[in-house]
Number of protein chains: 2
Amino acid sequence: MQKTILLVEDEEAILEMLEMILQQADFSTLSANTAEQAQEILAEKTPDLMVLDWMLPGISGVELARRLKKKPELKKLPIIMLTARGEEDDKVRGLEIGADDYMTKPFSPKELVARIQAVLRRTSPNNNQPLLQQGVFQLNTDKHILTINNQILDVSPLEFKLMQFFMQNPDKVFSRSQLLDQVWGRSVYVEERTVDVHIRRLRKVLAEHGCKEAIQTVRGFGYRFSAPADQ
Amino acid sequence: MQKTILLVEDEEAILEMLEMILQQADFSTLSANTAEQAQEILAEKTPDLMVLDWMLPGISGVELARRLKKKPELKKLPIIMLTARGEEDDKVRGLEIGADDYMTKPFSPKELVARIQAVLRRTSPNNNQPLLQQGVFQLNTDKHILTINNQILDVSPLEFKLMQFFMQNPDKVFSRSQLLDQVWGRSVYVEERTVDVHIRRLRKVLAEHGCKEAIQTVRGFGYRFSAPADQ
DNA sequence: CGTACAATGTCATGGCATTGTCATATAATT
DNA sequence: AATTATATGACAATGCCATGACATTGTACG
């Protein structure tokens, strides 16, 4: 099905270029020049993804993103930030705003399309599958609840995302960098070792429910999730 | 296996810094001060990725990138552009060149490495088959599992890679140095006799599952893998 | 406004599997 | 039997991973 992308960008030339690139890649597009316009559009329609310029006259892109993340109905809308050279600041970059990815201008059309598809891939399975079931494990995306044999697990947001990704790809081995890409997102730069730590925390929770073996270490390669059989 | 990065940058200080950062991150590097030098290097060697300064004396980085994209053999070489703040005026130009990523100077070493790895992951997709089947043997690269008659074998990372190579090339004889090249990788220096030891370890595991004969010694030449017929 | 707590990222440490090498035994070839 | 090639067992070095502790940041709550 054709996905809809909302473009928010004040420079008319770039906006038109974005429209062209995305329509070429078989997306349908909505366009706004300002954050205010974007909000009007969002009041009526829900696109599958938003490409948002960092700097906008009036309400900035950063500010818009922040506001949207507070609205439950738009919280899940994936955002790709556009920044121009020099606007970057180590602190501002990344998850702080809750963007799923960001790109610096200038960028190649190919890359833009690739990143959009990557983000959609990462975020859209949820919509198709609000309920993931793997053996004794059950993960409810909407309610944000993870259970083993109907017992609720107390996990952090990140642990939840990790489990979600694992349950979408059972039995497959993922390297630490793959996990960082897929779970943390491309816009964050964290140490690979950090993955170990979160796996450990997750294992600890799982162990309390007798599923110590669910996440396996594949030495030299990464980690794998295999759900114990239902009982 | 170690990847090679070609660095093209006219400022000697920055070049040296790049070399240091990348070697630290276990890349091997090639360096050029000018686009001309870069072309000479590219005539002989094909790196896995190029980090290219936007502005260069003589032929500029933009121009070099454009030329390379026209050569079929170098078309696929991933490029990360380096730009200084303030050089970003021409946004549209970047769209045409087809660089895979951009970085603004100054940048953090961590980010550079992360971006290089991200680009490499994106551009070198797994061209290996996810499932290899040879008689009773089955090797799943996704799940990272090796089985004989559906019984899982417990093998080390290196043994797994060895088996993967053998199963991709059944019934062929390989010399020890060929195996070292293909399985260990070119950049490592290891005694040829070491291959013997690993063959032995592998045989031991296979013997536990009744496949003692799967790896055969070809005296004076090397080793060959032949899968016993399915049963 | 400050305190407390939860979440996350990073580091140092120690243990253990993996790996490379060698010395020696065994097998094949002449 | 002598020579060469391979197999085997033992050992040391290395590298990878689990773990605990700590710093930082964000957030809820008084």
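Chain A is the first sequence line, chain B the second, and so forth, proteins listed ahead of strands; every chain is numbered from 1.
Going from atom CG of B:Leu202 over to atom C1' of C:dT18 covers 14 Å, rounded to whole Å. As a whole-Å value, the separation of B:His198 NE2 from D:dG9 P is 16 Å. Whole-Å rounding puts the B:Arg203 CZ to D:dT6 P distance at 11 Å. Rounded to whole Å, the distance from CD on A:Glu192 to P on D:dC17 is 10 Å. The distance from atom CZ of A:Phe160 to atom P of C:dT8 is 13 Å, rounded to the nearest whole Å. Per the geometry, CG belonging to A:Asp196 stands 18 Å off P belonging to C:dG14, to the nearest Å. Between the C1' atom of C:dT18 and the NZ atom of B:Lys161 lies a distance of 12 Å, rounded to the nearest Å. Between A:Arg176 atom CZ and C:dT10 atom P the separation is 14 Å, expressed in whole Å.
Nucleic acid contact for A:Tyr223: sugar-phosphate only, since backbone atoms but no base atoms lie under 4.0 Å from a heavy atom of the residue. Within 4.0 Å of B:Thr194, counting heavy atoms only, lies at least one base atom of the nucleic acid. B:Arg201 comes within 4.0 angstrom of a base, heavy atoms only.
Panel note: side chain B:Gln178, backbone B:Phe174; no donor-acceptor pair is recorded below 3.5 Å. The closest donor-acceptor contact from the side chain of B:Asn140 to the backbone of B:Asp142 lies under 3.5 Å.
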> How does each nucleotide of nucleotides 22-30 of chain C score, in 5' to 3' order, for protein heavy atoms under 4.0 Å: base (B), sugar-phosphate only (S), or none (-)?
Replying inline: B-----BS-
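In this structure, B:Ser156 reaches the C:dT19 phosphate: one of its side-chain N or O atoms is under 4.0 Å from OP1 or OP2. The side chain of A:Thr217 places an N or O atom within less than 4.0 Å of a non-bridging phosphate oxygen (OP1 or OP2) of D:dA18. Close to C:dT19, at under 4.0 Å from its OP1 or OP2, lies no side-chain N or O of B:Trp184.
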> Between B:His209 and B:Leu153, is a side chain to side chain contact (heavy atoms under 4.5 Å, CB included) present by the stated rule, with each step listed?
Replying inline: CA-CA 8 Å; B:His209 293 257; B:Leu153 303 196; 3.3 Å; yes
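Atom-to-atom distance recorded for B:Glu159:CD and B:Ile199:CD1 is 10.0 Å, nearest 0.5 angstrom.
No side-chain N or O of B:Thr141 forms a donor-acceptor pair with one of B:Gln164 less than 3.5 Å apart.
The list of salt bridge (Lys or Arg N to Asp or Glu O under 4.0 Å) pairs with a residue in residues 164-177 of chain B, not counting sequence neighbours, reads B:Arg176-B:Asp196.
Below 30°, between 30° and 60°, or above 60°: for A:Phe221 and B:His144 the angle between ring planes is between 30° and 60°, a tilted geometry.
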